Participant: 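First, the structure itself, so that you have it in front of you.
This is a predicted model, so every value here is computed, not measured.
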Amino acid sequence: MLRAGSVVTCVACKNLLPSRMGVKFRVPLQKLHPLSRAIHHRYSANNNPQRPPHCSAARHYTSLSRLPMRPPKSRSGGHGYQQHRSFWVVRLAARLLKLRYILLGSAVGGGYTAKKTYDEWKDMLPDMSQYTWIVPDFVWELSENIDLDKLTSALPELEEIAKLLPDMEKIGENFTFLKSLLSSGLGSEVNGASGLRLLLETTGESTLRATDIPPTSAAMSDSSDKKFKKSSDKEKFDQLQEELLRTQLKYQRMLERLEKENKELRKVVLQKDDKGIHQRKVKKSLIDMYSEVLDILSDYDSNYNTQDHLPRVVVVGDQSAGKTSVLEMIAQARIFPRGSGEMMTRSPVKVTLSEGPHHVAMFKDSTREFDLGKEEDLAALRHEIELRMRKSVKEGQTVSPETISLSVKGPGIQRMVLVDLPGVISTVTSGMAADTKETIFSISKAYMQNPNAIILCIQDGSVDAERSIVTDLVSQMDPQGKRTIFVLTKVDLAEKNLASPSRIQQIVEGRLFPMKALGYFAVVTGKGSANESIDSIKDYEEDFFQSSRLLRDGMLKAHQVTTKNLSLAVSDCFWKMVRESVEQQADAFKASRFNLETEWKNNYPRLRELDRNELYEKAKNEILDEVISLSQVTPKHWESILQKKLWERVSTHVIENIYLPAAQTTNSGTFNTTVDIKLKQWTDKQLPHKALEVAWETLQEEFGRFMAEYKGKDQDDIFDKMKEAIKEESIKRHKWNETAMDSLRVIQHNALEDRSITDKPQWDAAIQFMEETLQSRLKDTDSVIADMVGPDWKQRWLSWTNRTPEQHIRNETKNELERLLKLHEDHTAYLANDEVTTVRKNLEARGVEVDPALIKDTWHQLYRRHFLQKALSHCNLCRRGFYYYQRHFVDSELECSDVVLFWRIQRMLAITANTLRQQLTNTEVRRLEKNVKEVLEDFGEDTEKKVQLITGRRVQLAEDLKKVREIQEKLEAFIEALHKEK
């Protein structure tokens, strides 16, 4: 230590101090500058004999080591003082400069280190520029589409929110007062207000004990004061409850206002996105993807035990319990037909609820959108649902298991899939089918037995609980209540009618029914009027529960009331069940797909997997190709087959009714007159009809022929039944143009009127036609006679056959009649009675008994043969008669009027065939093609018809494969979207 004015320890340190500082400071050595300490220790070595002196090398480590060593000078004199003062200033400046450099170096080093650390941290981050596409475009443009300043200004100020908060000081005063009240002896009131007592206990105050309550005798000492305090205490208690309810109401209104604003904002965003202003394709919503899978599964009937276990909300309840009303409140629209006590839900209705910018509804098989904000669209939707229900119900039935699929979108609607089932009944009334009750039970069980289905059990609160049927049914399907939500409807009527409100509490707490459930809810779905709107029902429901003593007395909890809370709970339960079970269902369908594909590969390795619709389209194209082939038939072919068929149809009438009677005349004039009359009658009545029948039959045969020819070209036999049905139906629908008959009659009449044969080839063609016709008739007549008389002697000897007694009689009769013809070659076509008697007596003389009818019948065939033989010989004579025909047979004994008749018939056949061919190719083939297309279209729209016509294991296997693949693919897409949403 340096002490001024005493013994100097170090001469150098002494010189550093001015003499005026003598006794004022005691500076510790530790606080000196290091330089000063070095100087101090150097010059103080001689004063400490125990410490060895510093070596001479220490001089190089001091700032004064290069200065010459001077002897100490006295402090007296001004010059020495000035030197010491200058050295102190230099030392102080050196210190300050060193401190600045230290600070500057620290700042530069720290900044560099911080920058290097920041760069390393920045390099470690991933490049997020590649993932900007994940965020939708409208998010980046929200500032452009939404006025955030306006939204901020619309929010309430902090002062307004503070005003809505309860007065905590006043509530604290009330709590203090109630605490003092409880400790003053109101034991009965405290025991009754258990909820309030629990509230006081949770604030941290000490609980009330029985020992704190004074005896009753002390309380009765001042009865008048007690009554006054009791009345005032009740008033304060009621005021506290009212204030709490008012506070809750304020919060509720504020939340509703904020939810409404949020709903409007979401609607604006959805509308912007729905209009496509960002020019991107809007993806299908998650609930729509799930609903499509359920729609496919509703039509899928698997033979591999892959059942539909996908979740959906099944709404069941007694008839008129309010099922449909609850569903309408969840859907926020009056979409179902209504009736007073009448069964309106006649088939299951699957309703897919999802959020969207507009409140609309649409059927799955229709593109029409019903605007649920317009009353006319709502009425049309209800009417359409009622029509579909009645259409699905088969004749003689009351309900149907066929599902009607409907989707409802709108702002704020919870996403889920609900199925509204027909109400359970206890008695079948008049007008219902006898099995209606059992059918409803079977439909309900079929939906509820799905282990992943959420059962929404609806109970009417306005009737006695013991009358309910649905609770027992639900208990059977879900005994543990792991997937059941119980809903008590018409609570307003229940509170009004029930003398004991605690009964409602027992129901919603699950203590009245043996049925267990995940949750219990109480709702009000209107006042019973069909004209109430959803908004008015919501307001009525909220007003009722706010003023209801059920909620005020704690019998119902706040989360158990209103359809809004119910829809939130059902939606959460639905999506939880979906996430837990959908992947298991996808695996089940994957296994089913593998089984089906294995069966197809083993049984049909070289065939494509075509389902019923694809097979129908393939058969449809083949049939249309066959119809088009009709237009490629040549005119010559049409006329040839038409002429041939027409003559086959009318030849008998021409020979029997025209030619034979006319040939019995004595001269050519009478012959021609008879022929003209009979041809005229024939043309007016029968010939056009016969011609059109022939043309229609020819068209059918050619159509069938082309189908048969096409069948040989690797056609699938599975189409045979279908093609035959389409062919028959098309022919049945086809009607020939009736106006063509009148024009055909005129053409045929004109053709038969013409007798002028212009050249020898026409004459020769008529001769040939006549000869061929007569020879054909003669051959047929000989065959008939041979059958009548039996085998001749040659056949009897060669074939060892004999004649029957009837054939023997006919043979004898034939022989007798042939003798008569030889005697009278110009005999008429009919036998006289005396001639019949003569023949019969001659036969009796030979021992043959014969009936006169048999004689006449045999004569008819024999005369035909005789006449045809004479006509053939006359035909040969007329071959050279064309010269006489040109001279009108003047001065000639040869008469060839029969050749002219056959020429007229032949020409009429050719002209008729040409006319029919033109009508066929120009009109009827096209009309037939049109009919075939119509039949194909009708059959294509009729699913049942296609199932009847295209059948077999191959078809069913392809159908199952297609549906299982579609279900699996849609399930996988849904699962992927579900994971992305998480």
Side-chain angles (χ1 to χ4, degrees), residues 647-668 670-672 674-675 677-679 681-682 686 766-792 795 803 806-840 842-843 850-878 895-906:
W647 176 240
E648 290 176 356
R649 183 68 59 88
V650 301
S651 59
T652 302
H653 179 83
V654 170
I655 299 298
E656 300 294 334
N657 298 328
I658 298 177
Y659 177 55
L660 284 177
Q664 304 304 316
T665 58
T666 57
N667 53 56
S668 60
T670 308
F671 177 87
N672 292 330
T674 305
V675 166
I677 294 173
K678 291 187 176 294
L679 286 177
Q681 295 174 351
W682 183 46
Q686 300 180 10
I767 294 291
Q768 183 180 359
F769 175 62
M770 178 180 175
E771 185 177 7
E772 291 175 355
T773 303
L774 295 177
Q775 286 179 353
S776 175
R777 290 291 166 177
L778 180 60
K779 185 178 179 180
D780 294 339
T781 305
D782 289 337
S783 177
V784 172
I785 294 174
D787 292 337
M788 291 172 56
V789 299
D792 55 4
Q795 293 176 344
R803 293 171 176 166
E806 183 179 359
Q807 290 176 342
H808 178 71
I809 294 173
R810 284 194 176 272
N811 184 56
E812 295 295 332
T813 306
K814 178 182 77 76
N815 295 331
E816 185 67 25
L817 292 174
E818 285 179 346
R819 295 191 195 98
L820 180 61
L821 280 174
K822 287 181 180 181
L823 295 174
H824 306 282
E825 292 184 359
D826 295 333
H827 201 285
T828 60
Y830 302 100
L831 282 175
N833 291 331
D834 55 348
E835 292 176 332
V836 173
T837 303
T838 302
V839 171
R840 184 170 60 83
N842 293 336
L843 292 174
V850 64
D851 187 62
L854 187 143
I855 297 174
K856 292 181 179 181
D857 186 38
T858 306
W859 169 258
H860 178 69
Q861 298 299 330
L862 290 176
Y863 184 80
R864 279 174 59 86
R865 184 176 64 177
H866 175 70
F867 172 79
L868 292 173
Q869 290 173 351
K870 287 178 62 178
L872 277 173
S873 60
H874 180 69
C875 181
N876 291 326
L877 294 175
C878 290
E895 290 289 340
C896 296
S897 299
D898 47 359
V899 177
V900 177
L901 170 63
F902 278 93
W903 180 84
R904 294 165 66 183
I905 297 294
Q906 186 183 31

Participant: Can you confirm whether Arg904 sits close enough to Val900 that some side-chain heavy atom of one is under 4.5 Å from a side-chain heavy atom of the other?
Facilitator: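 Result yes, sub-4.5 Å side-chain heavy-atom pair found.
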Participant: Using 0.5 Å steps for rounding, measure from the NE2 atom of His808 to the OG1 atom of Thr813.
Facilitator: 9.5 Å
Participant: Backbone N or O of Glu772 within a donor-acceptor pair of the Ser776 side chain at under 3.5 Å?
Facilitator: no
Participant: Search all heavy atoms of Leu774 against all heavy atoms of Tyr659 and return the closest pair with its distance.
Facilitator: CD2-CE2, 4.0 Å
Participant: Identify whether the distance between the nearest side-chain nitrogen and carboxylate oxygen of Glu818 and Arg865 falls below 4.0 Å.
Facilitator: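 Between Arg865 and Glu818 there is a salt bridge, with a charged N closer than 4.0 Å to a carboxylate O.
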Participant: Rounded to the nearest 0.5 Å, what's the gap from NZ on Lys814 to CZ on Arg819? Could you check?
Facilitator: 10.0 Å
Participant: Mind checking whether Trp859 and Val836 have side chains closer than 4.5 Å, heavy atoms only?
Facilitator: no
Participant: In terms of heavy-atom contacts, does CD of Glu648 have more than 12 from other residues, nucleotides or ligands at under 6.0 Å?
Facilitator: yes
Participant: May I have the step-by-step check of side-chain contact (heavy atoms from CB on, under 4.5 Å) for Val839 and Glu835, ending in yes or no?
Facilitator: CA-CA 6 Å; Val839 171; Glu835 292 176 332; 5.5 Å; no
Participant: Go through it in stages, so that I can follow the logic: the residues are Glu812 and Val850, the test is side-chain contact (heavy atoms from CB on, under 4.5 Å), and I'd like the CA-CA distance, side-chain angles, deciding distance and then a yes or no.
Facilitator: CA-CA 9 Å; Glu812 295 295 332; Val850 64; over 6 Å; no
Participant: Within a strict 4.5 Å, meaning less than it, do heavy atoms of the Lys870 and Asp826 side chains meet?
Facilitator: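 In short, these two side chains touch, coming nearer than 4.5 Å.
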Participant: Checking Asp898 against Phe671 for the side-chain contact (heavy atoms from CB on, under 4.5 Å) test, could you report, in this order, the C-alpha distance in whole Å, the side-chain angles of both residues, the deciding distance, and whether it holds?
Facilitator: CA-CA 8 Å; Asp898 47 359; Phe671 177 87; 4.1 Å; yes
Participant: Quick one: closest heavy-atom pair of Cys896 and His874, and the distance?
Facilitator: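 Heavy atoms only, the tightest pair is CA-NE2, 4.2 Å.
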Participant: Check whether Asn842 reaches the backbone of Thr838 with its side chain - one donor and one acceptor, N or O, closer than 3.5 Å.
Facilitator: yes
Participant: Within a strict 4.5 Å, meaning less than it, do heavy atoms of the Leu901 and Ser897 side chains meet?
Facilitator: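 No; the side chains remain at least 4.5 Å from each other.
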Participant: Find the distance between OG1 (Thr858) and CZ (Arg810) and round it off to the nearest 0.5 Å.
Facilitator: 4.5 Å
